[in-house]
Amino acid sequence: MSSWPELRGPAEEVAPRLLGAVLRKGPVAVRLTEVEAYAGHLDPGSHAYRGPTPRNEVMFGPAGFLYCYLSYGMHVCANVVVGEEGAAAAALLRAGEVVEGIDIARSRRPGARTDRDLARGPGRLCQAVGLVLDDDGADLSGPAVELVLPGQALAHEAGPRTGLRLAPDRPWRFWLPGEPTVSLHRRHPKASAHHPDL
DNA sequence: GCTCCGATTATCT
DNA sequence: GATAATCGGAGCG
């Protein structure tokens, strides 16, 4: 039963369709403004590149479920599983605008100076929405966690992925133009070394 | 506004 | 034991 016909197809085609979608957990909901595509076993940048493990097994399942993992030992990041079952394709939820439960979101992110910082960045988004490691595998049909797709695809822009050590060059980051919650910066963790550029 | 840097732990080799 | 799809704070303009 493919209850998510809109999520079929390659990650880089499905991911932009998530822009403008609303993700809710309980009282807090965000409207997604920035996502990133990961093409599973075909993609050196994906956690699924080297095959199934206990952590990434949700990605190898059907579309419409949440894949959550711990990043840098302290931040939770969330993906929507997309594509055909077994392809392990997913879209990382990079940023959003809080559209419901903003007071609760603010209390969860006391460090945020402005509302636009509440869910700007994958770790911040999960903190604002209240997503934790235990939400790994959640069914996005609800009721605990729910995803509502926009009626039609919205106009978007694309650019290279950020933060990855491997395959950062694919233009698989997608965002809604003009959204203040979108962050277009940040370089690699470490430039490993200075190559004299030949 | 920008860049640099250290924190912290589940997961995999 | 090394790695990592990040964040927040410090320092500068």
Is there a stack between A:Tyr69 and C:dA5, judged by ring centres under 5.5 Å and planes under 30°?
no
What integer distance in Å separates [X]:[atom1] from [N]:[atom2]?
X: A:Asn79; N: C:dT6; atom1: CG; atom2: C1'; result: 14 Å
X: A:Leu164; N: C:dA4; atom1: CG; atom2: P; result: 10 Å
X: A:Gln127; N: C:dT6; atom1: CD; atom2: P; result: 15 Å
X: A:Glu12; N: C:dA5; atom1: CD; atom2: P; result: 19 Å
X: A:Arg173; N: C:dA5; atom1: CZ; atom2: C1'; result: 12 Å
X: A:Leu166; N: C:dA5; atom1: CG; atom2: P; result: 7 Å
X: A:Asp117; N: C:dT6; atom1: CG; atom2: P; result: 16 Å

By side chain to side chain donor-acceptor pair (under 3.5 Å), which residues pair with A:Ser46, not counting sequence neighbours?
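None.
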Close N/O contacts between protein and nucleotides 10-13 of chain C (under 3.5 Å):
none

Residue pairs fulfilling ring pair (Phe, Tyr, Trp, His ring centres under 6.0 Å) with at least one residue in residues 142-163 of chain A, sequence neighbours excluded
A:His156-A:Phe174
Quick note, ring pair (Phe, Tyr, Trp, His ring centres under 6.0 Å) partners involving residues 75-102 of chain A, not counting sequence neighbours, are none
Using salt bridge (Lys or Arg N to Asp or Glu O under 4.0 Å) as the criterion, list what pairs up with [X], not counting sequence neighbours.
X: A:Asp103; result: A:Arg106
X: A:Arg116; result: none
X: A:Glu97; result: A:Arg31

May I ask you to decide whether A:Glu84 forms a salt bridge with A:Arg8, counting only side-chain N to carboxylate O separations under 4.0 Å?
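The answer is no: the pair does not qualify as a salt bridge.
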Any Lys/Arg nitrogen of A:Glu36 or A:Arg94 sitting under 4.0 Å from an Asp/Glu carboxylate oxygen of the other?
yes
Listed by chain and number, what are the side-chain contact (heavy atoms from CB on, under 4.5 Å) partners of A:Glu57, not counting sequence neighbours?
none
Contact list (N/O, under 3.5 angstrom) for nucleotides 9-11 of chain B vs protein:
unit_1	atom_1	unit_2	atom_2	d
B:dT9	O4'	A:Gly73	O	3.0
B:dT9	O2	A:Gly73	N	3.4

Pairs meeting criterion salt bridge (Lys or Arg N to Asp or Glu O under 4.0 Å) with involvement of residues 18-30 of chain A, two or more places apart:
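Qualifying pairs, neighbours excluded: A:Arg24-A:Glu100, A:Arg24-A:Glu146, A:Lys25-A:Asp135.
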Convert the base pairs of DNA chain C into dot-bracket notation, remembering that pairs crossing earlier ones are written with [ ] and that bases paired across to another strand are shown as |; include only Watson-Crick or G-U pairs under 3.5 Å.
||||.|||||||.
How is the hydrophobic cluster of A:Leu70 composed, in terms of its other members, when Ile, Leu, Val, Met, Phe, Trp and Tyr link through side-chain heavy atoms under 4.5 Å apart, directly or indirectly?
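Direct or chained contacts put A:Leu70 with A:Val76, A:Leu133.
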Just checking A:Arg109: base, sugar-phosphate only, or nothing, at a heavy-atom cut-off of under 4.0 Å?
sugar-phosphate
Over all strands shown, is A:Gly111 touching base, sugar-phosphate only, or nothing at heavy-atom distances under 4.0 angstrom?
nothing
